[in-house]
Number of protein chains: 2
Amino acid sequence: MVGQRTTRQRTAITSLLDDLDDFRSAQQVHVLLREKGQDIGLATVYRTLGAMASAGELDTLRTESGESLFRRCERPDRHHHHLVCRTCGRTVEVQGPNLETMVRAIGAEHGFVDIEHTLELFGTCANCATL
Amino acid sequence: MVGQRTTRQRTAITSLLDDLDDFRSAQQVHVLLREKGQDIGLATVYRTLGAMASAGELDTLRTESGESLFRRCERPDRHHHHLVCRTCGRTVEVQGPNLETMVRAIGAEHGFVDIEHTLELFGTCANCATL
DNA sequence: ATCGCTAATGAGAACTACTCTCCCTATCGA
DNA sequence: TCGATAGGGAGAGTAGTTCTCATTAGCGAT
């Protein structure tokens, strides 16, 4: 639950995200909602996505151009990364089992504490590679 | 060589970058140049940094807030990542020896080919942690 | 040296992605 | 059903970056 009140807008946004598999920007979500007849303010879309993301209900990533993308989280419980097909956008959630410890080790080695990291993988999925 | 002509502005920017170790934003570079008496247009700073980056002369990364940072590349030859202090900006170039193979393995496991990845580490360096 | 082609610059407008302000609306516990 | 107040909408504001276009200046040819 993001906030205290269940509004038409929040219901529309969460149900749209439930129907989508891939990452979408706030702007795309806004347009998709409008196409479904749900005319929701852009600010509300940003607010809601931001709130859901920081509540751990959504995964986020940043495109090269600096846009934030959101997607319903499959494994909200644990830290994970994404393998995204650069052709069709298909996304797989992955975990490098050693990655987290490796990252911490690298940090410690250089005297850094409180390490955070971002890792995104981009590739071409089997399907798109054979086309 | 970024372009065809050696201008006062390009000389100033490259020599400033040579003297800096850490990542700086275009805006910071602009201010630093001004402080040195080199009054160079912000657009020129952006253009030059962008050109140098795509020529592989600079490393780039993006902060959480979406700002682009630039730094003279120490090892232009091989793929590496950065461990950046979120307080003072101190930067260490790191290589996860297993990381590259791990990444490829994860991709293969899901049938993805042609894997690229971005990994950045942010932390607090020993110096800033004790303040 | 100097000429002249045109790459490069600078000032400011424009653009993109996002956040904030402020007032109004609507949810939900009492 | 009431009313306190969380939430929403419109549009202004912001930060970072890119674009436009008139002007300047690098550099090969003369």
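In what follows, every chain begins at residue 1, and chains take the letters A, B, ... in the order their sequences are listed. Computed from a prediction, not measured in an experiment: that's the story for all the values here.
- Distance, B:Gln27 CD to D:dT14 C1': 12 Å, rounded to whole Å.
- Direction change of the helix axis from one end of the helix from C:dA1-D:dT30 to C:dA30-D:dT1 to the other is 30°, with five pairs defining each end axis (rounded to 10°).
- One atom, CD of B:Gln4, and another, P of C:dA7, lie 7 Å apart when rounded to the nearest Å.
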Listing time: all N or O pairs from protein to nucleotides 9-13 of chain D that are below 3.5 Å?
residue, atom, partner, partner atom, Å
D:dG9, OP1, A:Gln9, NE2, 3.1
D:dG9, OP2, A:Gly41, N, 3.0
D:dG9, OP2, A:Thr44, OG1, 2.6
D:dG9, N7, A:Arg47, NH2, 3.0

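- Within the 4.0 angstrom heavy-atom criterion, only backbone atoms of the sugar-phosphate kind lie near A:Ser68; the bases stay farther away.
- At C:dT9, one or more side-chain N or O atoms of B:Thr7 fall inside 4.0 Å of OP1 or OP2 (strictly under the cut-off).
- Residues passing the side-chain hydrogen bond (donor to acceptor under 3.5 Å, both in side chains) test with B:Asp19: none are found, sequence neighbours excluded.
- The distance from atom CZ of A:Arg10 to atom P of C:dT27 is 12 Å, rounded to the nearest whole Å.
- Between the C1' atom of C:dA17 and the CG atom of A:Leu49 lies a distance of 13 Å, rounded to the nearest Å.
- Contact annotation: A:Tyr46 reaches the phosphate of C:dC18 (side-chain N/O to OP1 or OP2, under 4.0 Å).
- Under a 4.5 Å side-chain heavy-atom cut-off, the cluster of Ile, Leu, Val, Met, Phe, Trp and Tyr residues that includes A:Leu61 is completed by A:Phe23, A:Leu69, A:Val84, A:Phe122.
- Between the CZ atom of B:Phe112 and the CD1 atom of B:Ile106 there is a distance of 12.0 Å, given to the nearest 0.5 Å.
- Here the OG1-CG distance, from B:Thr118 to A:Leu119, works out to 6.5 Å after rounding to the nearest 0.5 Å.
- The closest donor-acceptor contact from the side chain of A:Arg62 to the backbone of A:Gly66 lies under 3.5 Å.
- Between the CZ atom of B:Arg34 and the P atom of C:dG10 there is a distance of 10 Å, given to the nearest Å.
- Rounded to an integer number of Å, the gap from B:Arg62 CZ to D:dA15 C1' is 12 Å.
- Side chain B:Arg5 to base C:dA7: a donor-acceptor pair is found below 3.5 Å.
- Not a single side-chain hydrogen bond (donor to acceptor under 3.5 Å, both in side chains) links B:Glu64 to another residue, sequence neighbours left out.
- In this structure, A:Glu57 does not pair ionically with A:Arg71, as no charged nitrogen and carboxylate oxygen lie closer than 4.0 Å.
- For the side-chain hydrogen bond (donor to acceptor under 3.5 Å, both in side chains) condition, the pairs that include at least one residue of residues 119-131 of chain A, sequence neighbours left out, are A:Arg86-A:Thr124.
- Looking at A:Arg90 and A:Asp22, no side-chain N of the basic residue comes within less than 4.0 Å of a carboxylate O on the acidic one, giving no salt bridge.
- At the phosphate of D:dG16, neither OP1 nor OP2 sits under 4.0 Å from any side-chain N or O atom of B:Ser65.
- Rounding to whole angstrom units, CD of residue A:Glu67 and C1' of D:dA15 are separated by 16 Å.
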